[in-house]
Amino acid sequence: AQTVTQSQPEMSVQEAETVTLSCTYDTSESDYYLFWYKQPPSRQMILVIRQEAYKQQNATENRFSVNFQKAAKSFSLKISDSQLGDAAMYFCAYRGVGSGSRLTFGEGTQLTVNP
Amino acid sequence: KAGVTQTPRYLIKTRGQQVTLSCSPISGHRSVSWYQQTPGQGLQFLFEYFSETQRNKGNFPGRFSGRQFSNSRSEMNVSTLELGDSALYLCASSFWTGSTEAFFGQGTRLTVV
């Protein structure tokens, strides 16, 4: 079974600074997808960024980028120029290609952005 | 276009009762997945429906069931409620099973007393 681990329950960052959230996963599959989701107090999960395992290039979406290390099974999220609106719970998630739409989530990291 | 709609937003039930939660996916989406979120267990996959058929099931007891209608709307039912069923239930919709992007609703907060 696949597992996803986020070892940082809480992180904080100063506004305009950069923060990196860590995620590791375990799988025997060679083809899969990885995601970072954000859950603000409104509780709605919002997709931040995704990475296809077959792509070596790290995904980037504006201020959000990932460091995908397939051999190390590591998938960290870097948030640049942090904004107050970035404060939320962040979840790392895994989906195997043969798993339909089933996502396996990590425990989450609560990010606080200090003004 | 409208997002994923879950109803009701909040629910309080008594132990032993049953409950039905509803999820209307984004128009055109045919896959609906359900997740349970609790402080202790985190986010856990319940099941996925695609074209009115259950495609995937998580490790939950048979008290948890679901269905999907021809318009892709989905319901999940929990019978004989237990205190431990208190959770946020999230629904996610995708174009089809295995789509690279899933869109989530705001969830139904179920409290069992």
Side-chain angles (χ1 to χ4, degrees), chain A residues 1-10 21 23-25 27 29 31-55 59 61 64 66 68 75 88-110, chain B residues 2-6 8-10 23 25-26 29-51 53-60 66 68 72 74 87-110:
Chain A
Q2 294 78 28
T3 58
V4 178
T5 302
Q6 294 177 248
S7 59
Q8 306 154 314
E10 298 177 345
L21 309 184
C23 172
T24 58
Y25 59 95
T27 183
E29 297 176 306
D31 202 7
Y32 48 87
Y33 298 90
L34 295 165
F35 306 86
W36 278 98
Y37 278 91
K38 166 185 176 181
Q39 188 178 41
S42 68
R43 309 178 312 190
Q44 186 162 15
M45 300 283 278
I46 301 165
L47 177 65
V48 174
I49 198 165
R50 70 168 177 262
Q51 174 79 44
E52 291 86 349
Y54 65 85
K55 290 186 178 179
E61 288 286 343
F64 299 87
V66 299
F68 173 49
F75 182 61
M89 181 73 87
Y90 285 80
F91 292 95
C92 178
Y94 170 101
R95 182 171 73 75
V97 167
S99 301
S101 297
R102 177 179 187 154
L103 292 165
T104 300
F105 286 91
E107 304 90 339
T109 296
Q110 181 67 52
Chain B
V4 180
T5 303
Q6 291 189 245
R9 293 289 307 278
Y10 301 91
C23 173
I26 292 170
H29 285 196
R30 295 168 58 197
S31 168
V32 174
S33 298
W34 289 88
Y35 295 85
Q36 181 196 64
Q37 185 175 19
T38 61
Q41 299 297 317
L43 278 151
Q44 293 187 289
F45 173 79
L46 281 155
F47 29 64
E48 177 194 2
Y49 284 87
F50 177 71
S51 292
T53 302
Q54 187 179 89
R55 298 293 173 138
N56 242 316
K57 189 177 190 305
N59 189 25
F60 278 82
Q68 186 179 35
S72 295
S74 176
L88 178 67
Y89 290 89
L90 290 166
C91 160
S93 83
S94 306
F95 270 114
W96 56 283
T97 181
S99 292
T100 54
E101 190 162 354
F103 296 83
F104 283 80
Q106 289 190 286
T108 295
R109 171 74 68 187
L110 171 65

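The analysis underlying the following values was restricted to heavy atoms, covering all of them including side chains, and did not include hydrogens, waters or symmetry mates.
No side-chain heavy atom of His29(B) sits less than 4.5 Å from a side-chain heavy atom of Ser72(B). Residues Glu61(A) and Val48(A) fail the side-chain proximity criterion, which asks for heavy atoms closer than 4.5 Å. With contacts defined as side-chain heavy-atom distances shorter than 4.5 Å, the pair Phe45(B)/Ser33(B) qualifies. Looking at Pro40(A) and Ile46(A), their side chains come closer than 4.5 Å, going by heavy atoms from C-beta outward. Between Val4(B) and Phe104(B), the closest side-chain pair of non-hydrogen atoms is not below 4.5 Å.
Looking at Leu47(A), only its side chain comes within 4.5 Å of chain B, counting heavy atoms on both sides. Contacts between Arg43(A) and chain B at a heavy-atom distance below 4.5 Å involve backbone atoms as well as side-chain atoms. Of the two parts of Arg102(A), the backbone and the side chain both hold a non-hydrogen atom closer than 4.5 Å to a non-hydrogen atom of chain B. Gln37(B) touches chain A through its side chain: at least one heavy atom from C-beta onward sits under 4.5 Å away, while N, CA, C and O do not. Heavy atoms of Gln106(B) lying under 4.5 Å from chain A belong to its backbone as well as its side chain.
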Checklist entry - Passes ring-ring contact (aromatic ring centres under 6.0 Å, His included), Phe75(A) versus Tyr94(A)? Steps please. => result CA-CA 10 Å; Phe75(A) 182 61; Tyr94(A) 170 101; over 10 Å; no

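Taking Leu43(B), Asn56(B), Leu88(B) one by one and counting their heavy-atom pairs under 4.5 Å with chain A, the maximum is reached by Leu43(B). With respect to chain A, the highest number of heavy-atom pairs below 4.5 Å among Ser94(B), Ala92(B), Gly105(B) belongs to Gly105(B). Per-residue heavy-atom pair counts under 4.5 Å with chain A were compared for Phe50(B), Tyr10(B), Phe47(B), Phe103(B), and the maximum is reached by Tyr10(B).
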